[in-house]
Visitor: 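Sharing a structure with you now.
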Amino acid sequence: MGVVLVVIAAAFAVVALTTVTALGAEHRRIRAAGPGHRGGPLSPYELAYLAGGPLRTVNTALGMLARGGGVRVARGGQISLVAGAPPSPDPIEQAVLEALAARGGTGSAGELRRAVADGQAMSGLRYHLLGQGLLLPDGAFGQAWKLLNRLLAVSVLAVPFTIGTLVVGISTDLVPVAFLIGLLTVVLGFSAHRRWKRVLSGVVSKAGHDVLDSARRAHVRGAQPVTGDLAFAVGAPVALYGLGALGDPYLTDELQRGDSSGGYVGGACGGGSGGGSGDASYGGGDFGGGWGDSGGSSGSSGSSDSGGGSSCGGGSSCGGGGCGGG
Amino acid sequence: MTERLGVGIGWRPEIDLTVERLPGVDFVEVIAENIRPDRLPESLRVLRSRGVPVIPHGVGLGIGGAEPPDPARLTHLAECAEALGAPLVSEHLAFVRAGGMEAGHLLPVPRTRRALGVVTENVRRAQDALGGVPLALENVAALFGWPEDEMTEAEFLGDLVAATGVGLLVDVANLYTNQVNLGLRAVDALDALPLSELAYVHVAGGHLHGDVWHDTHTAHVPDDVLDVLSELCARVDPPGVLLEWDADYPSDEALEAELGRIRGAMTRA
């Protein structure tokens with residue numbers, strides 16, 4: 001009885017081990033398959049997409065625009081257009097500005113992230129990176145995902161087996177060996193599954209990783225920028241390390257909030273905002289979940305208490321209904 | 001009524017961080033109807049913690065109406081003043097509703113002796129409700145005057161100040177608006193206003209459409225308005241001057257430059 005159990009346990013372990021080995025080989029094969037990157041230095045938005053996915057990319061645009069005077073950040077993560085600011089030539093920044101304009105000039109950082117992350121400009125950036133061989137196409141890891149499912153199946157089946165060995169009796173001849181092999185298979189199997197699931201969710205190619213490594217050497221986390229150039233001083237650090245590298249803790253705090261908060265009531269002029277925080281997950285690996293940034297989390301849903309605004313006009317004084325000054 | 005305020009800007013939620021971080025903001029004003037005294041915006045609490053005076057500015061009291069001011073609105077103003085530790089509260093010499101109907105604008109008060117008696121009583125009620133926090137009233141911009149007007153706005157305000165001790169909030173942009181739209185010279189108004197009771201001054205930009213000046217609070221302050229400010233400063237040293245900007249906010253640098261222009265106009269006098 002004990003020998004049979006050991007043989008079964010060993011079979012579970014062997015299948016799990018060979019699957020993990022095959023996963024590693026498949027992963028290496030696919031990542032190395034693409035050509036090396038031969039283009040010039042990447043823009044902050046290209047780097048941001050590689051380092052943190054669409055949400056990091058939007059955050060980089062918000063950071064660049066906020067520091068560059070293209071948008072204004074208010075408490076509660078409310079972003080608004082700056083009157084008289086020049087138009088941006090960059091498609092991602094344009095998408096942020098257009099999303100704001102579509103919301104009457106003001107929107108929460110959270111809703112802008114969602115809108116722009118799902119927008120056409122982001123798709124365009126993704127296809128551009130795919131064309132450069134810096135991202136891997138969807139389905140590139142199809143075989144690897146099958147192997148991963150096999151690993152999960154083996155780990156799950158090993159659970160009742162391991163429990164069963166206890167039922168047979170741990171003091172019985174060789175059964176403790178079967179129990180230990182089964183337990184190791186379960187623990188290591190689930191652990192490996194979790195790790196590989198994260199790895200396979202990353203869609204950056206080896207060339208993409210090489211470019212990122214090179215950029216991280218050029219822009220060391222926390223280093224003082226040697227130039228005031230916005231793309232270098234703000235764009236690249238935020239792209240590589242998240243909003244925490246924006247260089248302005250006040251703006252970082254507010255941009256990391258999802259929705260409005262407040263204490264300001266709309267009065268007769270209404271114009272409230274808010275909405276749920278929602279969530280967006282771009283998987284693990286290089287595309288960290290949440291807001292794809294340095295630990296920033298979305299705020300809770302806000303009550304509609306931001307806004308106010310005014311309705312001045314005419315030759316008469318402003319106000320009268322609870323908005324604007326006189 | 002003579003507390004020194006300096007140069008300030010209207011606090012609005014869209015520019016809260018800007019106002020907090022803008023150099024040279026000595027005091028701010030907040031639209032009283034848009035805040036809750038028991039739940040002040042964090043930005044205002046930050047400003048207060050730095051010692052920046054915050055003035056509740058009412059736009060809906062309608063102290064110039066025929067009916068006594070709404071006790072609930074007065075209580076709200078008083079609670080705002082208390083929560084903010086405000087040195088004063090300001091409102092408009094205007095009526096905004098009648099018979100339960102809201103005008104949506106700050107309409108000029110009929111400037112008759114009879115109306116003066118009614119408004120004087122309204123102001124006294126407001127002063128009582130504010131419990132010792134001074135009240136200042138602002139001149140409005142008007143598209144028209146009432147046919148039965150017996151005195152100018154400056155004369156009306158002068159008598160009101162004499163009767164009640166209420167302070168003055170002079171909006172030089174409104175004086176300029178009346179000059180363009182109604183042909184009432186701003187300097188004449190300055191000469192007639194009881195400037196000794198001046199609490200502070202409003203400055204704002206607007207737009208000219210055709211031959212009508214729109215006091216929109218959404219644009220660069222024109223030199224002509226700053227000239228009125230200089231004229232005022234030639235007559236009295238204003239305790240405070242505040243820039244009003246209510247929408248289409250420009251960059252932080254542009255707002256800072258605007259405050260600099262105001263300071264320049266004040267010293268040009």
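Every chain is numbered from 1, with letters handed out A, B, ... down the list of sequences. Quick caveat, the model's predicted, so the values are computed rather than measured. Worth knowing before you read on, the calculation uses all heavy atoms, side chains too, and leaves out hydrogens, waters and symmetry mates.
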Visitor: Where on B/Glu20 is there a heavy atom nearer than 4.5 Å to chain A: the side chain, the backbone, both, or neither?
Guide: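 Just the side chain, heavy atoms under 4.5 Å.
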
Visitor: Given A/Asp248 and B/Arg21, is the side-chain contact (heavy atoms from CB on, under 4.5 Å) satisfied, shown in steps?
Guide: CA-CA 12 Å; A/Asp248 186 327; B/Arg21 292 150 60 108; 2.5 Å; yes

Visitor: If you count heavy atoms of other groups shown closer than 6.0 angstrom to CD of B/Glu67, is the number above 12?
Guide: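 Yes, because the 6.0 Å sphere around CD of B/Glu67 holds more than 12 heavy atoms from other groups.
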
Visitor: Quick one: what part of B/Leu255 sits under 4.5 Å from any heavy atom of chain A, side chain, backbone, both or neither?
Guide: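 Answer is side chain: those atoms of B/Leu255 sit under 4.5 Å from chain A.
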
Visitor: What's the shortest heavy-atom distance between B/Pro13 and A/Ala74, and which atoms?
Guide: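 Heavy atoms of B/Pro13 and A/Ala74 come nearest at O-CB, 3.4 Å.
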
Visitor: Decide if atom CG of B/Asp38 counts as having more than 12 heavy atoms of other residues, nucleotides or ligands within a radius under 6.0 Å.
Guide: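 Result for CG/B/Asp38: enclosed.
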
Visitor: Given side chains that start at C-beta, do those of A/Arg72 and B/Asp252 come closer than 4.5 Å, heavy atoms only?
Guide: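 With C-beta onward as the side chain, the pair touches.
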
Visitor: By number, which residues in residues 79-99 of chain A have some heavy atom less than 4.5 Å away from chain B?
Guide: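 Interface residues of residues 79-99 of chain A: A/Ser80, A/Leu81, A/Val82, A/Ala83.
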
Visitor: Applying side-chain hydrogen bond (donor to acceptor under 3.5 Å, both in side chains), name anything that partners B/Asp224, two or more places apart in sequence or on another chain.
Guide: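 Residues passing side-chain hydrogen bond (donor to acceptor under 3.5 Å, both in side chains) with B/Asp224: B/Tyr176.
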
Visitor: Looking only at heavy atoms, what is the nearest atom pair of A/Arg75 and B/Val46, with distance?
Guide: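 Smallest interatomic distance, heavy atoms only, reads NH2-CG2, 3.5 Å.
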
